[in-house]
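For the numbers below, each heavy atom of this structure counts, side chains included, while hydrogens, waters and symmetry mates do not.
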Amino acid sequence: QLHLVESGGGLVQPGESLRLSCTASGSSFDGYLVTWFRQAPGKEREGVSCISRFGNGINYADSVKGRFTISRDSAKNAVYLQMNSLKPEDTGVYYCAAKRSLFKAATCLSDSGMGYWGEGTLVTVSS
């Protein structure tokens, strides 16, 4: 059973950076496609970025392309989301989720089939 824990959220000013971590326990993270989602107050949850099982497939939502970078470290059983040039509209609770699935760029930002979820970490971008 995979257990996911997010960390790294906080309050930052526009233009600043944060690095979120998603750490897995209970099982190896290898073999899982991992997606970061976020949910802003009053809005639906949206997929932000996803990474394939071996890290060779990556996709981003248009709203974060060029600012966010997803990566994974098998040795640390973790997936990261480096967020630069943060904007107020990036505010929300960020969740990581995982499923055993082949990478498909067209669908990896969807929450369909996600079997494991973390509790989320709050990111607030405000001046």
Report the distance from atom [atom1] of [X] to atom [atom2] of [Y], rounding to the nearest 0.5 Å.
X: Ile51; Y: Cys22; atom1: CD1; atom2: SG; answer: 11.0 Å
X: Asp73; Y: Ser21; atom1: CG; atom2: OG; answer: 10.0 Å
X: Ile58; Y: Ser71; atom1: CD1; atom2: OG; answer: 7.5 Å
X: Tyr32; Y: Ser101; atom1: OH; atom2: OG; answer: 12.0 Å
X: Met114; Y: Leu33; atom1: CE; atom2: CG; answer: 5.5 Å
X: Leu2; Y: Ser27; atom1: CG; atom2: OG; answer: 5.5 Å

Any sub-3.5 Å donor-acceptor pair from [X]'s side-chain atoms to [Y]'s backbone N or O?
X: Asn77; Y: Phe29; result: yes
X: Lys99; Y: Ser112; result: yes
X: Ser49; Y: Asn59; result: yes
X: Thr124; Y: Leu11; result: no
X: Glu6; Y: Glu119; result: yes
X: Thr35; Y: Cys108; result: yes

request  = Could you please spell out the steps behind the side chain to side chain contact (heavy atoms under 4.5 Å, CB included) verdict for Leu20 and Met83?
outcome  = CA-CA 8 Å; Leu20 305 184; Met83 308 187 296; 3.7 Å; yes
From Trp117, Tyr94, Tyr95, residue fulfilling ring-ring contact (aromatic ring centres under 6.0 Å, His included) relative to Phe37 = Trp117
If we only count heavy atoms from C-beta on, is the [X] to [Y] side-chain gap below 4.5 Å?
X: Tyr80; Y: Arg19; value: yes
X: Gln1; Y: Tyr116; value: yes
X: Pro14; Y: Pro88; value: yes
X: Trp36; Y: Ile70; value: yes
X: Leu18; Y: Leu86; value: yes

key: Hphob cluster co-occupancy, Val12 + Val64, side-chain heavy atoms under 4.5 angstrom   = yes
task = Quick one: list whatever passes side-chain hydrogen bond (donor to acceptor under 3.5 Å, both in side chains) with Glu46, sequence neighbours left out.
result = Arg38
[X] and [Y]: which non-hydrogen atoms are nearest, and at how many Å?
X: Thr121; Y: Gly8; result: OG1-N, 4.1 Å
X: Ser52; Y: Phe103; result: CB-CB, 3.5 Å
X: Ser74; Y: Asp30; result: OG-OD1, 3.0 Å

inquiry  = Can you tell whether the side chains of Asp90 and Lys87 come within less than 4.0 Å, N to carboxylate O?
reply    = no
task = Check the pair Asn84 / Ser17 against side chain to side chain contact (heavy atoms under 4.5 Å, CB included), numbers first and verdict last.
result = CA-CA 4 Å; Asn84 298 330; Ser17 299; 2.9 Å; yes
request  = Would you check, one step at a time, whether the test salt bridge (Lys or Arg N to Asp or Glu O under 4.0 Å) holds for Arg45 with Asp111?
outcome  = CA-CA 9 Å; Arg45 184 171 59 201; Asp111 59 4; 2.9 Å; yes
